[in-house]
Peer 1: 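To start, I am sharing the structure in question, which I have written as structure tokens.
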Amino acid sequence: MTKQERAGSGTLLAAAEAVAKRLGKLKPQVAIVLGSGLAGVADAVRDPVRIPYREIPGFPEPGAPGHKGELVGGTLESTPVLVQSGRFHLYEGQAPALAALPTRLFATLGVKTIVVTNAAGGIRRSFRPPTLMLIADHINLMFRNPLVGPVEEGEERFPDMSDPYDPALRALARQVARDERIPLEEGVYAALLGPSFESPAEIRMLERIGADAVGMSTVPEVIAARARGLRCLGFSSITNVASGLSAQKLSHLEVLEAGKQVAGQLEQLIRGVLKRL
Ligand code: HPA
């Protein structure tokens with residue numbers, strides 16, 4: 001049995017059952033996926049139910065530094081939420097279906113909307129990190145897809161991807177940013193496999209094909225979310241200028257530090273969106 005198959009529907013149902021049991025009466029409507037350096041949002045959840053990954057069938061411990069490894073259920077701005085603190089990256093050697101397992105779990109639990117966040121390098125020349133970018137669209141350069149394999153129950157073989165990031169939710173996020181005076185850029189996120197950062201020539205290529213930011217996550221989750229009919233809202237925390245666009249060398253530590261600087265604003269944005277959903 002391949003890794004992909006192990007993350008299939010049997011695991012999904014067992015995981016959903018285990019999480020539903022821990023959540024009790026709480027029926028999360030919105031899931032929030034936290035990227036590198038953005039774990040603070042989980043601490044804002046009221047009446048938190050913390051579910052470590054070791055208690056969830058099929059969930060390994062996350063390997064990336066700065067990623068915790070728990071789901072946190074509770075309420076945020078009176079909305080029942082489930083926060084994913086720690087994601088599974090393909091660069092850890094994880095199957096795309098595992099990266100998407102939490103997303104499919106959210107859908108199975110009845111979640112309707114997913115907010116995905118990540119740390120990313122800034123490609124658009126006017127970006128001054130640390131800053132926040134609303135994800136308008138993505139380019140999948142991981143050359144992997146979580147839907148490869150047998151069609152899962154509740155999914156189509158060829159799901160539409162014309163609106164991966166919900167236009168109404170994006171309009172709402174822009175409105176919240178204006179009202180709360182939070183600087184918010186908007187652009188296209190390119191996902192690469194990683195784990196090495198990009199070369200300057202790769203960044204020039206990404207710039208030419210229309211990418212504004214680059215990272216190593218999010219796209220598998222959004223593809224799975226759309227296949228299940230979830231509405232997606234995405235934010236990149238632009239933690240650094242992409243490779244070759246400044247004299248500085250890139251480091252994960254720098255990414256985590258810069259992420260922390262805009263984490264407060266990101267939390268404010270997400271809360272503002274939840275209030276008006
Ligand atoms: N490249 C890829 N992923 C990233 C970067 C970057 O420059 N910064 C944060 N995540």
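Note that ligands are numbered from 1 as they come in the structure, with each ligand's atoms numbered from 1 the same way. Because the structure is a prediction, the values reported are computed rather than measured.
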Peer 1: At under 4.0 Å between heavy atoms, which part of Asn240 makes contact with ligand 1: side chain, backbone, both or neither?
Peer 2: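 For Asn240, only side-chain atoms sit under 4.0 Å from ligand 1.
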Peer 1: Using a strict 4.0 Å threshold on nitrogen-to-oxygen distance, state whether Asp166 and Lys112 make a salt bridge.
Peer 2: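 Salt bridge between Asp166 and Lys112, a charged N being under 4.0 Å from a carboxylate O: no.
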Peer 1: Going by the side-chain hydrogen bond (donor to acceptor under 3.5 Å, both in side chains) test, name the single residue among Arg231, Arg170, His138, Arg226 that passes it with Tyr165.
Peer 2: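 It is His138, the one option of Arg231, Arg170, His138, Arg226 that forms the side-chain hydrogen bond (donor to acceptor under 3.5 Å, both in side chains) with Tyr165.
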Peer 1: Suppose we measure from atom 10 (N) of ligand 1 to each protein heavy atom; which comes out shortest, and what is that distance?
Peer 2: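 The closest heavy atom on the protein side is Ala119 O, 3.4 Å.
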Peer 1: Looking at Lys260 and Glu257, is any side-chain nitrogen of the basic one under 4.0 Å from a carboxylate oxygen of the acidic one?
Peer 2: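 Judged by the 4.0 Å cut-off on N to carboxylate O distance, Glu257 and Lys260 do form a salt bridge.
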Peer 1: Is any side-chain N of the basic residue among Glu17 and Lys21 closer than 4.0 Å to the acidic one's carboxylate O?
Peer 2: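 Here Glu17 does not pair with Lys21 in a salt bridge, since their nearest N and O are not under 4.0 Å apart.
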Peer 1: Taking side chain as C-beta onward, heavy atoms only, is Gln29 less than 4.5 Å from Thr113?
Peer 2: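 No, too far: nothing below the 4.5 Å cut-off.
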Peer 1: Could you tell me which non-hydrogen atom of Phe59 sits nearest to which non-hydrogen atom of Ala15, and how far apart they are?
Peer 2: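 Taking every non-hydrogen atom into account, CE1-CB, 4.2 Å.
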Peer 1: Just to confirm my output: which protein heavy-atom neighbour is closest to atom 2 (C) of ligand 1, and how far is it?
Peer 2: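 Heavy-atom neighbour on the protein nearest atom 2 (C) of ligand 1: Glu198 OE2, 3.1 Å.
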Peer 1: Classify the angle between the aromatic ring planes of Phe88 and Tyr53 as parallel (below 30°), tilted (30 to 60°) or perpendicular (above 60°).
Peer 2: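 Tilted.
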Peer 1: Counting each atom of ligand 1 from 1 as listed, which ones have a heavy atom of Gly215 under 4.0 Å away?
Peer 2: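 The list of qualifying atoms is 2 (C), 3 (N).
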Peer 1: Who gets closest to atom 9 (C) of ligand 1 by heavy atom: Leu256, Val214, Leu206, Thr239?
Peer 2: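 Answer by nearest heavy atom: Thr239.
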Peer 1: Tell me the contacting part of Leu250 for ligand 1: side chain, backbone, both, or neither, using a 4.0 Å heavy-atom threshold, strictly below.
Peer 2: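 Leu250 to ligand 1: side-chain contact only, backbone stays beyond 4.0 Å.
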Peer 1: Pairs of nitrogen or oxygen atoms closer than 3.5 Å, one from Gly121 and one from ligand 1: do any exist?
Peer 2: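 In this structure, Gly121 places an N or O atom under 3.5 Å from an N or O of ligand 1.
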Peer 1: Under 4.0 Å from ligand 1, counting heavy atoms only, is it the side chain of Ser243, its backbone, both or neither?
Peer 2: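 Contact part for Ser243 vs ligand 1: neither.
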Peer 1: Under a 4.0 angstrom heavy-atom cut-off, which atoms of ligand 1 come close to Val255?
Peer 2: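 So the atoms of ligand 1 that pass are 8 (N), 9 (C).
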